[in-house]
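Step one of this worksheet: look at the structure below.
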Amino acid sequence: MNRLIQLVLATSLAVCTATVSYSVLAQTAPTMMTADSGDTVFDHFGGKAGVGKVIDDFLVIWQADPRISGRLADADVDRLGALLKEQVTQLTGGPAMYSGKDMQTAHAQMGLHNVDFNALAEDLQLSMEKNGIPSRDQNKLLAKLAPMQKQIVTK
Amino acid sequence: MKSHHIQTVALVATLAGMSLTPVWADESSHAMPDMGKLLATGGVSSVEGAAGGGITPWALISGYGTRDSYGANVHYTELGTQDFQLDTYGAALGIMDRVELSIAKQDFKSDRGPLNGLKIRQDIVGIKVKLAGDAVYDQDSWMPQIAIGAEHKKNDGLTGLINGPVTALGAKNTSGTDYYVSATKIFLDQSVLANVTIRDTEANQMGLLGFGGDLHNSYRAEFEGSLAYLINKNWVLGTEYRAKPHNLAADREGAYYDAFVAWFPTKHYSVTLAYANLGSIAAPETGNNGKQSGAYLSLQAGF
């Protein structure tokens, strides 16, 4: 067991010295996300029309998803769609600024678990797949959304 | 494939898939598995039973249960090289995406050459605990997901061609425990997964040839690394490397390598196909100085 402790300490030290933390201020500053060919991920989504379609399809998939459809029952779906389009446009490097509440405030009373957050991500993936968004670009968007788990999931 | 093993795995998989459909809307039925983790984020089953890649454990916890739930699965793996066949099967349980318990049985046999008919079996019980980090959510930091684990291995001895304990081949012990630390990170921005495992071990050929030996008889820290590309949410391509100790004069043990493709059609199944190179195994005895390499196929079923 002594060797295990030595091993854990050595590796923890290595990890700690290599760890750099930074937070992505997705809600307040525009992010230029460059896709691999030089144009933005927003371009690979098909620009404003493409993002609009992805979000519209995403809301339909969400409403049909028994795991989380209940969350939309009292929501203003049109306003939610508009805000999501702003947010995804900004996150993918497009010309928009998200104008909604920050993620923590927006989800504070919802008592969300990881299963809810992941279900949403899966529905978004389904919409992106349906709309032929390249997998690399899907993952670049998910990379921006994943850290929001800390603010969105409260349970 | 051994048909009775396949039938057992298929039966358990069917029961698992059918009987444990989670109920989402009911907040109070946390007794049901939530199957909430994202596809492929439980890894696959390694040949020693722990979740990760095919030949090395990762910091990921097996199964699809989130931190509010649990998940479990069974696996069956076949690996055939020029002179040997390794079949492994087992089960794993992931609890609250924090603790993983696994069991695996390894059936190793020589089906060619001077060692034809030799059989060696080994039982492995594993435990893994996630200490920190989240491979999926921590996209905004360099922090990996970190877990520590142990694999207790008991070699059941040699049968077939020779009968007796595995110490007959030069090993000092017939059982032993490996300890490891793993750090796994998913870089979604690059669609890449990377893992580093450091394993403290004195097992020869994972324990199939016993523990400790005449050349070296104490624990050594060995490096294991995996690099994978996330083709899309259902397909992963990757490569692994596992350095090994060299404790027995009778076996020119070297590193394991593999290149794999894993398919995750749903959260209930995965299939992994790989080309594996196990290096030299009992080379002087087999008369085959070449590296033992061949195809690896693994099936996992669960929730």
Side-chain angles (χ1 to χ4, degrees), chain A residues 1-12 14-26 33-34 36 41 65-70 111 113-119 121-122 125-126 128-129 133-150 152-153 155, chain B residues 22-25 27 30 34-39 41 64-69 97 131-144 146 148-150 177-183 186-192 196-201 218-221 229-235 267:
Chain A
M1 274 315 277
N2 196 24
R3 281 197 67 90
L4 176 59
I5 294 166
Q6 282 175 22
L7 211 52
V8 171
L9 287 174
T11 311
S12 306
V15 167
C16 286
T17 42
T19 297
V20 171
S21 268
Y22 62 93
S23 36
V24 173
L25 300 170
M33 256 211 322
T34 317
D36 307 306
V41 174
D65 183 345
R67 299 175 297 175
I68 49 174
S69 54
H113 295 86
N114 277 344
V115 66
D116 302 306
F117 184 85
N118 291 353
E122 286 168 352
Q125 271 184 315
L126 286 171
M128 292 190 288
E129 273 179 358
I133 310 299
S135 184
R136 285 187 72 84
D137 297 298
Q138 293 186 36
N139 283 343
K140 284 181 185 287
L141 174 58
L142 293 173
K144 294 278 187 222
L145 296 172
M148 295 177 184
Q149 179 266 352
K150 285 186 275 303
I152 291 174
V153 173
K155 289 233 174 285
Chain B
V23 176
W24 308 112
E27 278 271 270
H30 280 307
D34 71 5
M35 286 186 52
K37 281 164 64 176
L38 296 171
L39 196 61
T41 58
Y64 285 104
T66 66
R67 67 182 179 196
D68 306 306
S69 188
D97 203 22
L131 294 182
D134 190 289
V136 176
Y137 299 134
D138 290 344
Q139 294 303 317
D140 56 346
S141 92
W142 286 99
M143 181 70 184
I146 302 174
I148 53 172
T177 305
D178 290 353
Y179 302 98
Y180 64 89
V181 183
S182 292
I186 300 175
F187 300 91
L188 279 175
D189 210 40
Q190 286 74 30
S191 292
V192 162
V196 169
T197 294
I198 309 291
R199 179 195 302 262
D200 216 17
T201 179
S218 61
Y219 273 81
R220 255 206 177 115
Y229 181 69
L230 314 176
I231 298 169
N232 58 42
K233 81 176 191 202
N234 302 103
W235 291 88
K267 291 185 186 181

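Every chain is numbered from 1, with letters handed out A, B, ... down the list of sequences. Values reported hereafter were calculated over all heavy atoms of this structure, with side chains retained and with hydrogens, waters and symmetry mates removed.
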Note, B:Y137 side chain near A:N114 side chain (heavy atom, < 4.5 Å)
yes
Could you grab the distance from atom CG of B:D140 to atom NZ of A:K150, nearest 0.5 Å is fine?
4.0 Å
Can you see which heavy atom on A:A121 is nearest to which on B:L38, and at what distance?
CB-CD2, 4.5 Å
Kindly compute the distance separating CG (B:N232) from CE (A:M128), expressed to the nearest 0.5 Å.
12.0 Å
Would you indicate whether the side-chain heavy atoms of A:Q138 and B:K233 approach each other to under 4.5 Å?
no
The interface call for B:S191 against chain A, heavy-atom contacts under 4.5 Å, is both
How about A:N118 and B:M35: do any of their side-chain heavy atoms sit closer than 4.5 Å?
no
Considering only heavy atoms from C-beta outward, does the side chain of A:Q149 approach that of B:V136 to under 4.5 Å?
no
Structural part of B:Y64 lying under 4.5 Å from a heavy atom of chain A:
neither
Chain A contact via B:I231 - side chain, backbone, both or neither, heavy atoms under 4.5 Å
backbone
So A:E122 and B:K267, do their side chains get closer than 4.5 Å, heavy atoms only?
yes
Shortest non-hydrogen separation from B:L188 to A:A143 and the atoms involved
CB-CB, 3.7 Å
Closest approach of B:Q190 to A:R136 (non-hydrogen atoms, all atoms of both residues):
O-NH1, 3.5 Å
